[in-house]
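Report on the following structure.
Proteins get letters first, then strands, A, B, ... in listed order; numbering begins at 1 in each. All values derive from a computational prediction rather than experimental measurement.
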There are 2 protein chains.
Amino acid sequence: MYNCPMHSKQLLKGTLQTIILKLLSEHKRMYGYEITQQVKLLSEGKISLTEGALYPALHKLEAEGLLISEKVYIGKRVRKYYSLTQTGSNTVTTKLKEFSDFVSTMQAVLNLEPKLK
Amino acid sequence: MYNCPMHSKQLLKGTLQTIILKLLSEHKRMYGYEITQQVKLLSEGKISLTEGALYPALHKLEAEGLLISEKVYIGKRVRKYYSLTQTGSNTVTTKLKEFSDFVSTMQAVLNLEPKLK
DNA sequence: TTTTTATACATAAGATTATTATGTATAATT
DNA sequence: AATTATACATAATAATCTTATGTATAAAAA
């Protein structure tokens with residue numbers, strides 16, 4: 001799912017849903033390819049989502065009722081836009097909290113200082 | 001591997017090696033059960049390593065030359081102490097750096113503030 | 001104008017990692 | 001005497017990701 005020029009591929013596992021949901025909470029609707037580009041931009045090229053991970057993840061989130069999709073034709077090409085459902089919208093907050101807790105806990109276990117700005 | 005009372009099980013994937021190596025860099029030698037207890041302590045009960053993940057991980061790290069083990073008998077019971085090899089010792093720094101980079105990148109992607117102390 | 005790159009979706013085989021369950025056994029506590 | 005804690009280990013299953021493959025249109029470069 002990730003093609004990360006750093007060496008922390010393992011660490012990125014489990015973050016894909018959080019990333020997708022958070023981006024959609026800021027953009028109303030996005031399509032798959034757009035998400036990959038946005039992630040690449042925000043991570044300064046450090047994270048490249050692979051299609052083999054992204055599309056199944058989007059399908060799963062839709063099946064679970066967190067996202068809904070709509071197909072839009074751009075000329076002859078299909079785009080599948082995804083947006084948050086109400087459930088999905090509520091889940092974003094939970095996911096972000098979980099990520100923060102995770103970081104805090106790991107910093108405690110690894111005896112690391114939280115970073116200052 | 002983790003039995004986390006929070007809901008962030010997915011997020012913890014890929015962190016086990018880093019945790020093991022970092023703890024061993026601070027303790028000279030530790031045995032499996034001791035590692036589980038130390039992690040529970042440092043995480044304030046939020047992370048409980050399961051044996052099904054811990055022991056295979058220790059075996060793998062040893063097979064890769066990052067750890068060496070020695071069996072010690074406490075009465076009739078065996079303890080298997082693990083300690084860092086030189087390679088393992090070098091790897092700790094790399095792993096911690098990777099974790100920091102991962103957190104920074106994720107904070108950028110998720111548009112989160114780094115935490116202040 | 002032809003070739004390459006970018007856009008845009010999707011699935012499938014295989015690998016990795018973790019969960020859950022199971023197994024064995026000693027030591028300490030209730 | 002029974003339960004809990006200590007201490008190791010492995011195996012079946014599940015979840016997630018990588019890598020490879022497939023299809024197709026649009027744009028840019030050679």
Side-chain angles (χ1 to χ4, degrees), chain A residues 1-20 29-41 45 47-64 67 69-82 95 102 106, chain B residues 1-21 29-41 45 47-64 67 69-82 95 102:
Chain A
M1 153 145 319
Y2 303 100
N3 182 2
C4 190
M6 305 184 299
H7 300 87
S8 49
K9 289 185 184 181
Q10 306 298 345
L11 293 173
L12 286 159
K13 292 197 175 189
T15 61
L16 183 56
Q17 287 196 1
T18 306
I19 292 173
I20 292 171
R29 70 175 200 174
M30 297 180 87
Y31 53 99
Y33 187 78
E34 187 183 13
I35 293 175
T36 66
Q37 299 308 300
Q38 185 66 13
V39 168
K40 195 176 288 181
L41 189 70
I47 302 177
S48 294
L49 303 191
T50 61
E51 295 136 311
L54 178 65
Y55 292 116
L58 288 170
H59 300 163
K60 194 188 173 196
L61 288 170
E62 186 172 24
E64 290 170 346
L67 302 182
S69 66
E70 46 178 332
K71 288 184 182 175
V72 175
Y73 279 84
I74 308 294
K76 290 180 182 176
R77 200 156 56 189
V78 177
R79 262 187 208 164
K80 207 167 163 187
Y81 278 97
Y82 289 89
K95 287 281 185 184
F102 158 69
M106 283 299 292
Chain B
M1 154 146 320
Y2 304 98
N3 182 2
C4 190
M6 307 184 298
H7 301 87
S8 50
K9 290 185 182 180
Q10 306 298 344
L11 293 172
L12 286 157
K13 293 198 174 188
T15 61
L16 183 55
Q17 286 195 3
T18 306
I19 291 173
I20 293 170
L21 293 172
R29 69 174 200 175
M30 297 180 89
Y31 54 98
Y33 187 77
E34 188 182 13
I35 293 174
T36 66
Q37 298 309 299
Q38 184 67 13
V39 169
K40 195 175 289 181
L41 189 70
I47 302 177
S48 294
L49 302 191
T50 61
E51 294 136 311
L54 178 65
Y55 292 115
L58 288 170
H59 300 162
K60 194 187 173 198
L61 287 169
E62 186 173 25
E64 289 170 347
L67 304 182
S69 66
E70 44 179 334
K71 288 183 181 176
V72 175
Y73 279 84
I74 307 295
K76 290 179 180 177
R77 200 156 56 190
V78 177
R79 259 186 210 165
K80 206 165 162 187
Y81 277 97
Y82 289 89
K95 287 280 185 183
F102 157 68

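- Where Lys60(A) and Ile74(A) each meet DNA chain D at their nearest nucleotide, the meeting point lying more 5' is that of Lys60(A).
- Across the protein-nucleic acid pair, Lys71(A) atom NZ and dT25(D) atom C1' stand 16 Å apart, rounded to whole Å.
- At the phosphate of dA7(D), OP1 or OP2 sits under 4.0 Å from a side-chain N or O atom of Tyr31(B).
- Rounded to an integer number of Å, the gap from OH of Tyr73(B) to C1' of dC8(D) is 11 Å.
- Listed nucleotides: dA8(C), dT26(C), dA10(C). Nearest to the side chain of Arg77(A): dA8(C).
- For dA9(D), the OP1/OP2 oxygens have no side-chain nitrogen or oxygen of Tyr55(B) closer than 4.0 Å.
- Counting heavy atoms of neighbouring residues, nucleotides and ligands inside a 6.0 Å radius, atom NZ of Lys80(A) exceeds 12 of them.
- Side chains of Ile35(B) and Gln38(B) form no contact here, defined as non-hydrogen atoms less than 4.5 Å apart.
- The CD atom of Glu62(A) sits 13 Å away from the P atom of dC9(C) (whole-angstrom rounding).
- Using a 4.5 Å heavy-atom cutoff, the side chains of Lys60(A) and Leu16(A) are not in contact.
- For the pair Leu49(B) CG and dT17(C) P, the interatomic distance rounds to 16 Å; values are reported in whole Å.
- Straight-line distance from the CD atom of Glu34(A) to the P atom of dA8(C): 9 Å, rounded to whole Å.
- Looking at heavy atoms from C-beta onward, Arg79(B) lies out of side-chain contact with Glu34(B) at the 4.5 angstrom threshold.
- At least one side-chain heavy atom of Phe102(A) sits under 4.5 Å from a side-chain heavy atom of Thr15(B).
- We find that CZ of Arg79(A) is positioned 12 Å from P of dA26(D), with the value rounded to whole Å.
- For Leu54(B) and dA9(D), the CG to P distance is 9 Å, given to the nearest whole Å.
- OP1 or OP2 of dA9(D) lies within a sub-4.0 Å distance of a side-chain N or O belonging to Lys80(B).
- Here His59(B) does not reach the OP1 or OP2 of dC8(D): none of its side-chain N or O atoms lies under 4.0 Å away.
- Rounded to an integer number of Å, the gap from CG of Leu58(A) to P of dT16(D) is 14 Å.
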